[in-house]
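Numbering of ligands and ligand atoms starts at 1, following listing order. Counting from 1, the numbers follow the sequence of the chain as shown.
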Amino acid sequence: MSAPLDHLRGWIEQARWFGGKGRSWSLAGVRRVGDLPDAPDGLRVAIELAEVAYDGGTTDYYQLPLAYYSEPQDRLGHALVGEWDGAFVYDAVHDRESMALWLAAFNAHAVDPSSPSDVRGELMFHRLPGYDLDIEAHSTLFSGEQSNSSVAFGEDALMKVFRKVTPGVNPDIAIHQVLTEAGSTHVAALYGWLDLVDDDADGTGSTIQLAMLQQFLRTASDGWDLALASVRNLFAEADLHADEVGGDFAGEAARLGTALAEVHADLAAHFPVEHRDADATSALATAMEGRLDAALDVVPELAPHADRLRETFGRLRDLDGIAVQQVHGDLHLGQTLRTSKGWKIVDFEGEPAKPLAERLLPDSAWRDVAGMIRSFDYAPRVVAMTAGPAVGDEADQRSYRAAEWAARNRAAFLDAYTTELGTALDGEAGTLLDAYLADKVVYEAVYEARNRPGWVSIPLAALEESR
Ligand SMILES: Nc1ncnc2c1ncn2[C@@H]1O[C@H](COP(=O)(O)OP(=O)(O)O)[C@@H](O)[C@H]1O
Ligand SMILES: O=P(O)(O)O[C@H]1O[C@H](CO)[C@@H](O[C@H]2O[C@H](CO)[C@@H](O)[C@H](O)[C@H]2O)[C@H](O)[C@H]1O
């Protein structure tokens, strides 16, 4: 029997990976889709799919890896989901015994990546050649605000268990595979992934990608944390400019620009690059205008900026067309890791709130550039906001320095990006970049209003200052 619904609803609602918070929903069903092989006596690790039905008719599926123990496990008290079927049931990602089974299955049961995943109803572990796993390594669950559950195996490998799953290709796996096989130095190498070929009601099978195993970047520092540290350093130096302080970030911003350009070039070489004609470019403007209209209902404070934003989107209609390709889709400093071997980019899933079909569509590379530039604007504003109140000269000084930091790093990043690709930030590129920046700032206003209302002032202040 799968998990009883009443035990699970409350548990899902409070999970940090649950994306339906604040919406009205019911748990329509839970289905067991597989068991991890080679479990010892007294333990069964089942993968179950929970069907979350929202009022209004849409449905999401969430993956629940559950450890069923015949005896209570005191060490896992914090991860207890409930008791049913004569078992004590825990969230398996917290449990080293369960995670060891996962790793062992990648080691012992994996098939070649080219093998078709056509065995219905079975878990299919795939491995890329060239790396031996350390199956003795202990697992540690990453904490933090994440959409999925990431588990490190010692300093050897990292497994991301996707929580919200959709039948079809998971872009995080597909892009990591292509970039790994292309020898990109800007991603963590993909080691493997787990698929399930699910039985559809019509008898056809559709693949659901459940997890991804990759290189653990052991020397990594989060790009967002590094940027905040650099801003704090500047704010602490009363008389020095951004280029004079020890914590200057511009060198890193430039290296990030080069890294993104190399990733874009690899993606363009291995995924289709298409030309969108003038009509399609006009449709892009219409889509951005539509997002603004929807955003105005959520954040009415956008209204004074609406005409100017519409003008920015409207200028896309002057273009003959644009080139689109596979992009990251949700790039910001928190998706970058600085390692001793340079910058790595993570999490190629796109914006988690977007439907999968939309996330797989090619887009302009300027979307990613705009994402990073918005992050350079965010960092000093976040530091200023959390540094406590400032008045008079100190407030002026802080906002001057914040603007200086953002402008310096934006310039360094853009210069390196365009130099690496041999492109110029000419009129056409400028029109595209402005439109994607405006689209992102509108998205951020909605994101902040829904998730961090205290931060909605950040995108709004950026709009105010650019008047
Ligand atoms: N290969 C890796 N090695 C070490 N840390 C990583 C690696 N990939 C991602 N991370 C870190 O793990 C966390 C979750 O990664 P991310 O891909 O953003 O997950 P999610 O999809 O849950 O948002 C982030 O803090 C990220 O910096
Ligand atoms: O990391 P996610 O894929 O979940 O992205 C979402 O959350 C981000 C915040 O964590 C959000 O990014 C915004 O805040 C960042 C600082 O926390 C800032 O660096 C980004 O520029 C800003 O957009 C992102 O938009 C959202 O999709």
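In this model, a donor atom of one side chain and an acceptor atom of the other lie less than 3.5 Å apart for Y417 and H264. In this structure, a donor-acceptor pair under 3.5 Å is present between the side chains of E252 and W343.
The shortest heavy-atom distance from R218 to ligand 1 is not under 4.0 Å. Contact analysis puts S147 in contact with ligand 1, with a non-hydrogen atom separation below 4.0 angstrom. Residue contacts with ligand 2: M372 is excluded, as none of its non-hydrogen atoms falls under 4.0 Å. Every heavy atom of R163 sits 4.0 Å or more from the atoms of ligand 1.
Within ligand 2, counting atoms from 1 as listed, the ones closer than 4.0 Å to a heavy atom of S375 are 18 (C), 19 (O), 20 (C), 21 (O).
Between W17 and W11, the ring-plane angle classifies as perpendicular under the 30° and 60° cut-offs.
Across all non-hydrogen atoms, the minimal contact from L425 to L414 is CD2-CD1, 3.8 Å.
Inclusion of E444 in the set of residues having an N or O under 3.5 Å from an N or O of ligand 2 is warranted. On a distance-only criterion, Y447 and ligand 2 share at least one N/O pair closer than 3.5 Å. At under 3.5 Å, a nitrogen or oxygen of D330, whether backbone or side chain, sits near a nitrogen or oxygen of ligand 2. Inclusion of S147 in the set of residues having an N or O under 3.5 Å from an N or O of ligand 2 is not warranted.
Taking only non-hydrogen atoms, the option from K160, E349, R16 nearest to atom 16 (P) of ligand 1 is K160. Closest heavy-atom approach to atom 24 (C) of ligand 2 among the candidates H332, R381, E448: H332. Comparing heavy-atom distances from atom 8 (N) of ligand 1 across V161, V187, L158, L217 singles out L158 as nearest. Checking R452, R374, E351 against atom 13 (C) of ligand 2, the nearest heavy atom belongs to R452.
Ion pairing of K160 with D347 is present here, as a side-chain N (NZ or NE/NH1/NH2) and a carboxylate O approach within less than 4.0 Å. Under a 4.0 Å N-O distance rule, the pair D377/R410 does not qualify as a salt bridge.
The cationic atom of R9 (NZ for Lys, CZ for Arg) lies less than 6.0 Å from the six-membered ring centre of W25 and within 45° of the ring axis.
With a 4.0 Å heavy-atom cut-off, ligand 2 is reached by the side chain of Q335 but not by its N, CA, C or O. No part of H328 comes within 4.0 Å of ligand 2, judged by heavy-atom distances. When heavy-atom distances to ligand 2 are checked against a 4.0 Å cut-off, E349 has no atom that comes that close, whether in backbone or side chain.
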